[in-house]
Amino acid sequence: MTGTGTATVGAESFFPPLRLQTTSHIPKLGFLKLNRSLISLRSLQIKASDSSNQLRLNVAHDLTLSNSNGNSNGNATGSGTTNLKHLSTIGNSTNIQWHSCSVQKDDRHSLLHQKGCVIWITGLSGSGKSTIACALSRILHQRGKLTYVLDGDNIRHGLNKDLGFKAQDRAENIRRIGEVAKLFADAGVICIASLISPYRRDRDACRSMLPNGDFIEVFMDVPLHVCEARDPKGLYKLARAGKIKGFTGIDDPYETPIHSEIVLKHGEPCASPVEMAEKIVVYLENKGYLHA
Amino acid sequence: MSTITNSTNIFWQECQIGKPDRQKLLNQKGCVVWITGLSGSGKSTLACSLGRELHTRGKLSYVLDGDNLRHGLNKDLGFKPEDRTENIRRTEVAKLFADAGLICVASLISPYRRDRDACRAMLPDANFIEVFMNMPLQLCEARDPKGLYKLARSGKIKGFTGIDDPYEPPLNCEIEIKQENGVCPTPTAMAGQVVSYLENKGFLRS
């Protein structure tokens, strides 16, 4: 929704922007924290504070209310005071309203003794993503943690079977998996997404869908010649023979991550799948995801 | 190697940890509780009270609300018939939740029988539990919790289910929620009805 509106917030609820971020679609200036909600602002002008110690904010363009889990709670009206229950338009979906439930993310954390997050494993075909995903889920399961693997190929058997490998289809594939992974993380599951995801912009868009810290990017740093020598699915051979077009690493780019939380580099000591998976487990432990 | 519709050269990746392992961990069986009915019939209300009842019993559930899905995964979809069909098709995500061992509560108008039946066909082993909120249109319209019937009646929304788009009631739902002597059951009572069904069918243990 675009337009202008005003929002009245208690001065004690006002914080400096918790983070500034941009997405490919929606530039944001930052966030106000209002109780459990984050309000993302596109532009903000502070008018005055009145005698009741409140700030009146003149908000231009979109005003989107999100809960602290990064889910959207709906949009403000075009003018006048913010109405949290107003219908909103998101994308092509008109007249929709976010429904909150009394069972929240924290309740599920307590039940499961873990915190939901997304472990996003990216890398060339044959770099070992699925192998690490499975090893990781096994180790975590043995520790009594609930995980779920979203494998790129498996999702293309179902939810994303309508998508091919053109650039826009790859982007939509990543977007949908990102949204699904976000739901799993919200449900308290440690969701392990394993897919080439070659374009930086698409991976960063998924990162921005989740609260800070809950998107953990793992880069399988394996040289092309090693992946090609493995060629576990025979795809490099087909690509080299020209039977597959637009194959990542051969005639379609892989954009290396710049700021991955974890890099699993080929050829280093402690490089067996289990040892690599253990590195991820240590990270999760240190960041508090393996307890409520 | 297979080709599934538009995805070529894909392989199914097996993982050692499967649904039975997760079900044992959670002490429950994954399934999809699919709540269908007119706007204002109480789907979201039931979904939330059901989630609460299950949580107090130590069971992990997750609500996939139609409107909430349209904020994220399905934000590229409108309300034309083909978009409604795609909206329901993408609720294949509920199948993933069930596979993960969760009791996934899907709450969507889902007006077309064919689309709901397609979801049922996605889930093997009777893990699809259809709950029909059988509330009369006039009751839903009188409630009008989101003001949508008013907008539809004044022509500001086109193709609104119940007004100028059909709702096809289920023929073989597992659970039907309806008024008793003109009185609606409370959210807790409705949730209790669903929980009893889940208990009797063994979903609340591994």
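Everything numeric here is computed off the predicted structure, so don't read it as measured data. Letters go in sequence order (proteins before strands), and every chain restarts at 1.
In this structure, B:Leu26 CG and A:Leu111 CG are separated by 8.0 Å, a value rounded to the nearest 0.5 Å. In this structure, the separation between OG on A:Ser102 and CZ on B:Arg52 is 4.0 Å, given to the nearest 0.5 Å. In this structure, NE2 in B:His55 is found 12.0 Å from SG in A:Cys101, a value given to the nearest 0.5 Å. The structure places CG of A:Asn95 at 4.0 Å from CD1 of B:Ile157, a figure rounded to the nearest 0.5 Å. Interatomic distance, SG of A:Cys134 versus CD of B:Gln16, reported as 8.0 Å (0.5 Å rounding). Between the CZ atom in A:Arg108 and the CG atom in B:Leu60 there is a gap of 7.5 Å [rounded to 0.5 Å].
Looking at A:Thr147, the atoms closer than 4.5 Å to chain B (heavy atoms on both sides) all sit in the backbone: N, CA, C or O. Using a 4.5 Å cut-off between heavy atoms, A:Leu146 touches chain B through backbone and side chain atoms alike. Interface remark: A:Ser130 contributes side-chain atoms only to the contact with chain B (heavy atom separation under 4.5 Å). For B:Leu96, the parts lying near chain A are the backbone and the side chain together; criterion is any non-hydrogen pair under 4.5 Å. B:Ser107 does not touch chain A: none of its heavy atoms, backbone or side chain, sits under 4.5 Å away. Within the 4.5 angstrom heavy-atom criterion, only backbone atoms of B:Lys59 (N, CA, C, O) approach chain A. If you measure heavy-atom distances from B:Leu148 to chain A, the contacts under 4.5 Å come from the side chain alone. The part of A:Ile244 that comes within reach of chain B is its side chain, from C-beta onward, which places non-hydrogen atoms under 4.5 angstrom from that chain.
Among all heavy-atom pairs drawn from B:Gly72 and A:Arg175, the shortest one is O-NH1, 3.1 Å. Scanning all heavy atoms of the two residues, the minimum distance from A:Ser88 to B:His71 falls at OG-NE2, 3.7 Å. The two residues B:Arg89 and A:Leu159 come nearest to each other via the heavy atoms NH2-O, 2.7 Å. Heavy atoms only, all atoms of each residue included: A:Arg138 and B:Ile17 are closest at CA-CG1, 3.7 Å. A:Ser100 and B:Cys48 get closest at one heavy-atom pair: O-SG, 3.7 Å. Nearest heavy-atom pair across A:His99 and B:Asp65 is CD2-OD1, 3.1 Å.
In terms of heavy-atom pairs under 4.5 angstrom with chain B, the leader among A:Lys233, A:Lys145, A:Glu172 is A:Lys233. In terms of heavy-atom pairs under 4.5 angstrom with chain B, the leader among A:Ala187, A:Gly178, A:Gly152, A:Gly91 is A:Ala187. With chain B as the partner, the residue from A:Asn154, A:Val103, A:Ile155 showing the most heavy-atom pairs under 4.5 Å is A:Asn154. In terms of non-hydrogen atom pairs under 4.5 Å with chain A, the most contact-rich of B:Gly101, B:Gly78, B:Gly66, B:Gly51 is B:Gly78. For the set A:Asp107, A:Asp169, A:Val189, A:Val149, the entry with the most heavy-atom pairs within less than 4.5 Å of chain B is A:Asp107.
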Carefully, step by step, assess B:Phe79 and A:Asn92 under the rule side chain to side chain contact (heavy atoms under 4.5 Å, CB included).
CA-CA 8 Å; B:Phe79 290 92; A:Asn92 287 334; over 6 Å; no
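Within a 6.0 Å sphere centred on NZ of B:Lys19, heavy atoms belonging to other residues, nucleotides or ligands number more than 12. When the shell of 6.0 Å around CD of B:Glu82 is examined, it contains more than 12 heavy atoms from other residues, nucleotides or ligands.
Without hydrogens or angle criteria, B:Arg90 side chain to A:Asn160 main chain gives no donor-acceptor distance under 3.5 Å. Counting only distance, with no hydrogens or angles, the side chain of B:Asp67 and the backbone of A:Gln97 share a donor-acceptor pair below 3.5 Å.
Ring centroids of B:Phe97 and A:Tyr148 are separated by 6.0 Å or more, keeping the two rings apart.
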